[in-house]
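Here the structure is laid out as C-alpha cells; the discussion comes afterwards.
Keep in mind that this is a model prediction, so the values were computed, not measured.
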Amino acid sequence: MINYNKSIPKFTTIKELLYHSATVFSSNVAFTEKVKKDNNINYINHTYLELLDDINSFGTALYKLGLKNKRVAIIGHNCYKWAIAHLSNLLGGIVSVPLDKGLQTDELENSLIRSEASAIVFDAKLKDIIEEIKASNKTNIKHFICFDELPNFLCFNNLLSDGKKEIENGNNEFINCEVDPYNMSILLFTSGTTSQSKAVMLNQYGIVTNIYDMLLVESFYETDVNIAFLPFHHIFGSTGMLVMLAAGLKTVFPDGLRYIKQNLLEYKVSVFVGVPILIDKMYSTMIKKIEKQGKTKLINFAIKISNILLKFHIDIRRKIFKELINALGGNMRFIVSGGAPLDSKVSKWFNQIGIHLVQGYGLTETSPVISAENDNCIKYGSVGKPMNSVEILIKNPDSNGIGEIAVKGPNVMLGYYNNETQTNAVLKDGWFYTGDLGYIDKDGFLFITGRKKDLIVLKNGKKVFPEEIELLINRLDEVEESFVYGLPDRNDKNDVKVAVKIVYNKDFVNNKYPDISEKDLEAVLWAKIKDINKTLPMYKYIKHMTFTSEPLIKTTTNKIKRNEELKQILTKEENNE
C-alpha cells in the first residue's frame with residue numbers, strides 16, 4: 001500500500017471534484033483553445049469557474065431537451081466542447097457514451113444502438129457519417145448536436161446560450177442534480193483487438209478513487225501545462241483529463257502529430273501523457289539528432305557524470321541537458337507512459353536527462369490505473385506498484401512466479417453492458433481477471449510479461465511471450481514494428497515455432513541500403529534476427545521471418561489486432577504451400 005500523506009481531498013463523485021476545483025482554482029486556466037480564422041490565430045482561455053458555468057449551462061440545455069436520466073454519446077476530436085459535453089453528462093446523472101471518431105459507419109451505428117443513446121454530440125468533420133446514420137433511422141437518437149453550426153442539426157453554442165438563459169431565469173434542476181456515485185455513469189467501448197468491442201460500465205466512485213490514488217503519488221502542479229494528446233474517448237485520455245482538472249493545471253490541445261514539436265514549444269508544455277509509440281518517436285528523433293551532430297559520446301559521458309553526482313544528491317541534469325530538453329519545447333518535466341509496454345531503455349534515458357518519466361498499467365475495465373511508478377519508486381521494465389486502493393494477486397503462478405494478474409478495488413468496472421456471460425468470465429469472487437500475465441518481484445514491483453491469449457506454448461511446455469521479443473526486435477533501426485507469433489510446424493502438427501513478421505522502416509532502409517534488392521534486404525534482416533537469437537534461450541529462437549513495408553493491422557488506439565494479423569499470415573502461408 002502506498003501513502004505519502006499528501007494533503008489530497010477525496011471525493012465520491014466527479015461533480016464534487018469539479019466544484020472543488022472551481023472554488024480552489026477558480027481563476028486558473030483549465031483549458032486553452034486555439035481558434036484559427038482568416039489567417040489569424042486567437043487563444044481563448046477558459047478558467048475553472050467558466051468551465052463549471054459552461055458545464056451547468058450545457059447540462060441545463062440537455063435537461064430541457066428531455067435527456068435527464070438518458071444516455072448521450074460524444075464523438076469527435078479532443079476539444080473544449082468535447083470536455084463540456086462529457087462533463088455535463090457526468091454532472092447531470094446522464095450516462096456518457098464516448099465513441100471513437102475512427103469508427104466506420106456500421107460500427108458507429110452499432111455502438112449507438114447497443115448503448116441505447118438518445119442523443120449524440122458530434123464533430124462537424126463527421127457530418128457525412130452522422131447524416132447517413134440519421135437517414136437510416138435504426139438508432140434511438142432523437143437529438144443530433146454538432147460542435148459547429150450545420151443545417152438540420154442542433155448547434156452546441158446555441159444550446160450553451162439557451163442553458164445560460166434558463167439558469168438566469170431560475171432553472172436550477174441540472175445544478176441541483178444529486179449524482180449517485182455507484183450507478184453506471186460512463187459506458188465505454190473497448191477498442192476490440194480480438195472481436196466485437198465490449199461495452200464497459202464504469203461508475204463515478206471508481207473513477208474519482210483512481211484519480212485520488214494517482215494524485216497521492218504523482219507530481220502534478222497547478223503551474224503545469226498538459227497537452228491532451230490521448231483521445232478523450234479512451235479511458236486513459238478521459239480519466240487523465242480529470243486528473244489534470246483535479247490538480248488545477250492548464251490543458252491545451254495539439255494540432256496533430258506533425259505539429260507536436262511546435263505545440264510543445266508554443267504552449268510551454270510541461271506534462272505529457274502518452275502511449276509508447278509517441279514516446280518512442282520522441283526518443284528516436286532526439287537520438288538521431290545527437291548522432292547526426294556527432295555528440296553521442298559526449299552525451300553518454302555527461303550522463304555518467306550526472307549519475308555519479310546524483311548519488312551525492314547533486315542534480316544538474318536539466319542544466320547540462322538543456323539543449324535536449326529544448327528539443328521538447330524547453331519546459332517538459334514529466335512524462336507518463338501507459339497503454340502498452342515501453343522499452344526500459346527509453347524510460348531510463350528520459351530520466352537520465354532530467355525529464356521524469358513513469359510507466360503505468362491499467363485497462364478500460366479498471367478506470368484505468370492498476371499500478372504505476374512514481375517519484376519514490378521507479379524500477380525500469382516494471383509498471384510500478386499497485387495504486388493505494390487496488391489489490392493485486394498473481395493467479396496460478398508458474399515456477400517463475402508468472403501468472404494471470406487479477407485485481408480488486410473500487411475502480412473495477414460494474415460489468416459488461418448486456419453481457420452477463422462475458423462479465424462472469426472475468427469477474428469472479430470480487431476479483432477482475434485481466435487476461436494479462438505478469439509477476440510481482442520481492443520489492444513489490446509489478447512486471448507484465450504478455451497477454452494470456454497471446455502466449456506461445458511450445459510442445460515441450462516452454463512458454464514464449466511475444467511482446468518480450470518484439471521489444472528487442474523493435475530496437476533495430478531497420479524495423480518500424482514487428483509481430484511475433486506461433487507458426488504451426490509443418491513437420492509436427494502438435495508443435496509451433498516462433499516466427500516474426502517485420503514491418504521495415506522504409507526511410508532508414510532507403511538511406512542506408514540504397515537500391516537494395518528484396519533478397520538482400522531479407523539477408524540483412526535475418527542476420528539481425530540471428531544476433532537477437534544469440535541473446536535468448538534456445539527455445540525462444542525465432543525460426544521463421546517474413547517482412548513487409550505495410551503497417552500491421554491495428555485498432556484506432558494503435559494496438560495490434562493480433563488475431564486478425566495472425567489469421568492473415570496463416571492464410572498466406574497456406575496459399576504458399
Side-chain angles (χ1 to χ4, degrees), residues 58-59 61-79 81-82 84-86 88-90 92 94-160 162 184-202 231-235 237-238 364 416-422 553-557 561 563-564:
F58 190 72
L62 293 181
Y63 266 33
K64 197 180 172 189
L65 289 173
L67 292 167
K68 183 179 180 179
N69 298 325
K70 302 286 187 182
R71 293 164 191 189
V72 173
I74 314 161
I75 187 166
H77 67 289
N78 286 6
C79 62
K81 288 173 182 173
W82 199 109
I84 294 299
H86 182 57
S88 296
N89 288 341
L90 301 183
I94 296 166
V95 174
S96 197
V97 186
L99 295 169
D100 183 348
K101 64 182 171 63
L103 291 175
Q104 299 300 311
T105 307
D106 57 340
E107 291 176 303
L108 175 56
E109 188 171 65
N110 181 253
S111 297
L112 291 170
I113 293 167
R114 287 172 63 198
S115 67
E116 300 169 49
S118 300
I120 185 168
V121 184
F122 68 95
D123 193 324
K125 289 175 184 172
L126 300 166
K127 177 177 79 79
D128 293 345
I129 290 178
I130 298 296
E131 280 181 339
E132 207 177 317
I133 288 170
K134 189 179 182 184
S136 77
N137 207 27
K138 291 178 186 174
T139 71
N140 290 325
I141 303 289
K142 302 286 187 292
H143 307 287
F144 293 82
I145 304 162
C146 185
F147 286 160
D148 300 307
E149 205 160 336
L150 282 180
N152 306 317
F153 293 114
L154 292 170
C155 173
F156 188 99
N157 285 341
N158 291 345
L159 287 178
L160 199 63
D162 289 349
M184 173 175 66
S185 192
I186 299 178
L187 189 61
L188 205 58
F189 288 89
T190 61
S191 51
T193 54
T194 53
S195 55
Q196 188 188 49
S197 59
K198 297 184 281 286
V200 178
M201 299 185 287
L202 299 175
F232 285 160
H233 75 261
H234 195 281
I235 189 64
S238 60
T364 304
Y416 296 121
Y417 185 61
N418 283 344
N419 201 327
E420 198 177 333
T421 305
Q422 282 186 327
I553 306 165
K554 295 190 203 70
T555 68
T556 54
T557 50
K561 287 192 171 184
N563 272 20
E564 285 188 34

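In this structure, Ile186 and His86 have side chains that are in contact, with non-hydrogen atoms separated by less than 4.5 Å. Residues Phe189 and Val200 fail the side-chain proximity criterion, which asks for heavy atoms closer than 4.5 Å. A 4.5 Å side-chain heavy-atom check between Leu65 and Ile145 finds at least one atom pair inside the cut-off. Under the 4.5 Å side-chain criterion, counting only non-hydrogen atoms from C-beta, Leu62 is in contact with Asn89. Ser88 has its side chain out of reach of Ile94: every pair of non-hydrogen atoms, C-beta onward, lies at least 4.5 Å apart. Side-chain contact between Thr139 and Glu109 is present, with heavy atoms from C-beta onward closer than 4.5 Å. In this structure, the side chains of Leu202 and Met184 stay at 4.5 Å or more apart for every pair of heavy atoms. With a 4.5 Å cut-off on side-chain heavy atoms, Leu126 and Lys101 count as touching.
Other residues, nucleotides and ligands contribute at most 12 non-hydrogen atoms within 6.0 Å of the NZ atom of Lys138. Other residues, nucleotides and ligands place no more than 12 heavy atoms under 6.0 Å from the NZ atom of Lys64.
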Could you check Ile74 against Phe232 for side chain to side chain contact (heavy atoms under 4.5 Å, CB included), going step by step and ending with a plain yes or no? CA-CA 10 Å; Ile74 314 161; Phe232 285 160; over 6 Å; no
Could you walk me through whether Val121 and Phe147 satisfy the side chain to side chain contact (heavy atoms under 4.5 Å, CB included) test, starting with their C-alpha distance in whole Å, then the side-chain angles of each, then the deciding distance to 0.1 Å, before giving a yes or no? CA-CA 7 Å; Val121 184; Phe147 286 160; 3.5 Å; yes
Evaluate Tyr417 against Val95 for side chain to side chain contact (heavy atoms under 4.5 Å, CB included), listing each step before the verdict. CA-CA 12 Å; Tyr417 185 61; Val95 174; over 6 Å; no
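Rounding to the nearest 0.5 Å gives a distance of 8.0 Å between CG of Asn157 and CG of Asp148. Here Ile130 contributes atom CD1 and Ile141 contributes atom CD1; the two are 8.0 Å apart, rounded to the nearest 0.5 Å. Between atom SG of residue Cys146 and atom CG of residue Leu159 there is a gap of 11.0 Å, rounded to the nearest 0.5 Å. Taken from CE in Met201 to CG in Asn419, the straight-line distance is 9.5 Å, to the nearest 0.5 Å. Atom CD1 in Ile129 sits 4.0 Å away from atom OG1 in Thr105 (nearest 0.5 Å). Here OG of Ser115 is found 10.5 Å from CG of Asn418. Values are rounded to the nearest 0.5 Å.
The salt bridge (charged side-chain N to carboxylate O under 4.0 Å, His left out) pairs that include a residue from residues 114-129 are Lys127-Glu131, where partners are two or more places apart or lie in different chains.
The two atoms that bring His77 and Trp82 nearest to each other are O-CD1, 3.8 Å, heavy atoms only. Closest of all the heavy-atom pairs between Leu99 and Ile75 is O-CG1, 3.7 Å. Listed here is the closest heavy atom pair of Lys134 and Asn152: NZ-O, 2.8 Å. Taking each heavy atom of Gly92 and Tyr63 in turn, the nearest pair found is O-OH, 2.6 Å.
In this structure a side-chain-to-backbone donor-acceptor pair under 3.5 Å is missing from Lys198 to Tyr416.
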